Amino acid sequence: MPKAAATKRGSKETKRRTKKDPNAPKRGLSAYMFFANEQRENVREENPGVSFGQVGKILGERWKALSEKQRAPYEAKAAADKKRYEDEKQAYNAQNDDESS
DNA sequence: ATTCTGATTGTTCCG
DNA sequence: CGGAACAATCAGAAT
């Protein structure tokens, strides 16, 4: 367990922190994104007719329903995507450093 | 050093 | 076109 429990992120009050960077090196995607990318086709096929109201929620439930090993490929992708972010992060760093002239 | 927070990411669906 | 449930994330900023 990391820390406390209740931690509603997005209180909108503290949102004014993290000053947006000049080129904002947006972070990478998340496992869910990769998972949804593959499952969306599958879930939609197994749940014909269901609207986002159902599919969306079902998708999330199924996400954890998979075995950790199943999430592996998605988590792996997420990790790989993060690396991608690291690259832009470095570009952002270089740009920032090169900006002073 | 440690803690936390916010920003972001992508899917589906519709009006 | 965007928003909202769904989940992860995680890197940097504040303490």
Side-chain angles (χ1 to χ4, degrees):
Chain A
M1 248 153 287
K3 39 232 104 184
T7 312
K8 278 159 76 138
R9 61 160 115 47
S11 288
K12 76 158 70 81
E13 279 174 45
T14 35
K15 76 163 162 83
R16 50 116 89 136
R17 268 153 115 204
T18 56
K19 37 181 302 191
K20 287 182 140 219
D21 292 292
N23 48 2
K26 340 268 202 173
R27 346 181 0 274
L29 272 73
S30 111
Y32 203 84
M33 307 296 98
F34 312 96
F35 155 82
N37 259 283
E38 305 275 315
Q39 292 300 307
R40 96 199 142 171
E41 295 168 42
N42 193 66
V43 172
R44 247 187 111 218
E45 289 217 7
E46 293 191 35
N47 302 291
V50 298
S51 327
F52 162 47
Q54 279 63 251
V55 171
K57 296 180 177 181
I58 293 161
L59 232 165
E61 289 177 61
R62 305 246 315 141
W63 162 247
K64 290 166 183 165
L66 299 166
S67 305
E68 285 123 74
K69 287 172 77 165
Q70 279 40 208
R71 287 168 29 170
Y74 311 110
E75 290 179 321
K77 256 268 175 207
D81 183 279
K82 171 201 159 280
K83 286 191 193 135
R84 171 92 257 105
Y85 160 85
E86 273 194 59
D87 183 76
E88 58 183 293
K89 190 174 51 144
Q90 280 176 49
Y92 149 73
N93 179 314
Q95 200 182 124
N96 196 305
D97 183 64
D98 190 56
E99 213 222 291
S100 52
S101 190

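Each chain gets a letter, A, B and so on, in the order the sequences are listed, and its residues count up from 1. No experiment lies behind these values; they were computed from the predicted model shown.
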J.: Between atom CG in A:Asn42 and atom C1' in B:dT11, what is the gap in whole Å?
T.: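 Taking atom C1' of B:dT11 as the reference, CG of A:Asn42 is at 14 Å.
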J.: Rounding to a whole Å, what distance do you find between A:Leu59:CG and C:dA8:P?
T.: 13 Å
J.: Does a side-chain N or O from A:Lys57 land closer than 4.0 Å to OP1 or OP2 of C:dA4, or not?
T.: no
J.: Locate the shortest heavy-atom distance separating A:Ala78 from A:Phe34; write the atom from each residue and the value.
T.: CA-CE1, 3.1 Å
J.: Please test A:Asn37 against A:Tyr74 for side-chain contact (heavy atoms from CB on, under 4.5 Å), starting from the C-alpha separation and ending with a verdict.
T.: CA-CA 9 Å; A:Asn37 259 283; A:Tyr74 311 110; over 6 Å; no
J.: How many whole angstroms separate atom OH of A:Tyr74 from atom P of B:dG10?
T.: 17 Å
J.: Could you run down the sub-3.5 Å N/O contacts of the protein with nucleotides 13-15 of chain B?
T.:
residue, atom, partner, partner atom, Å
B:dC13, OP1, A:Arg44, NE, 2.6
B:dC13, OP1, A:Arg44, NH2, 3.1
B:dC13, O4', A:Phe52, N, 3.4

J.: Go through A:Lys82 and A:Glu86 one step at a time and tell me if the salt bridge (Lys or Arg N to Asp or Glu O under 4.0 Å) criterion holds.
T.: CA-CA 6 Å; A:Lys82 171 201 159 280; A:Glu86 273 194 59; 2.3 Å; yes
J.: Where along residues 25-40 of chain A does a heavy atom fall under 4.0 Å from DNA chain B?
T.: A:Lys26, A:Arg27, A:Gly28, A:Leu29, A:Tyr32, A:Met33, A:Ala36, A:Asn37, A:Arg40
J.: Under 4.0 Å, heavy atom to any atom of DNA chain C: which of residues 80-87 of chain A qualify?
T.: A:Lys82, A:Tyr85
J.: Take atom CZ of A:Arg40 as the centre, draw a 6.0 Å sphere, and report whether it contains more than 12 heavy atoms from other residues, nucleotides or ligands.
T.: yes
J.: If the condition is side-chain contact (heavy atoms from CB on, under 4.5 Å), which residues does A:Asn42 pass it with, not counting sequence neighbours?
T.: A:Gln39, A:Glu46, A:Arg62
J.: A:Val55, A:Leu66: one ILVMFWY side-chain cluster at the under-4.5 Å cut-off?
T.: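 They do share one cluster, since a chain of ILVMFWY contacts under 4.5 Å joins A:Val55 to A:Leu66.
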J.: Work out which heavy atom in A:Trp63 is nearest to a heavy atom in A:Ala31; give both atom names and the distance.
T.: CH2-CB, 3.7 Å
J.: Does the pair A:Lys57/A:Glu61 count as a salt bridge with the N-to-O cut at 4.0 Å?
T.: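 A salt bridge is absent here (no side-chain N lies under 4.0 Å from a carboxylate O).
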J.: Strictly by salt bridge (charged side-chain N to carboxylate O under 4.0 Å, His left out), give each pair with a member in residues 68-81 of chain A just once, sequence neighbours left out.
T.: A:Arg71-A:Glu75
J.: Heavy atom of residues 61-69 of chain A under 4.0 Å from DNA chain C: which residues?
T.: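 Going residue by residue through residues 61-69 of chain A, the ones with a heavy atom under 4.0 Å of DNA chain C turn out to be A:Trp63, A:Lys64.
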J.: Looking only at non-hydrogen atoms, find the nearest pair between A:Glu41 and A:Glu45 and report the distance.
T.: O-CG, 2.9 Å
J.: Atom CD1 of A:Ile58 to atom C1' of C:dA7: distance rounded to whole Å?
T.: 16 Å
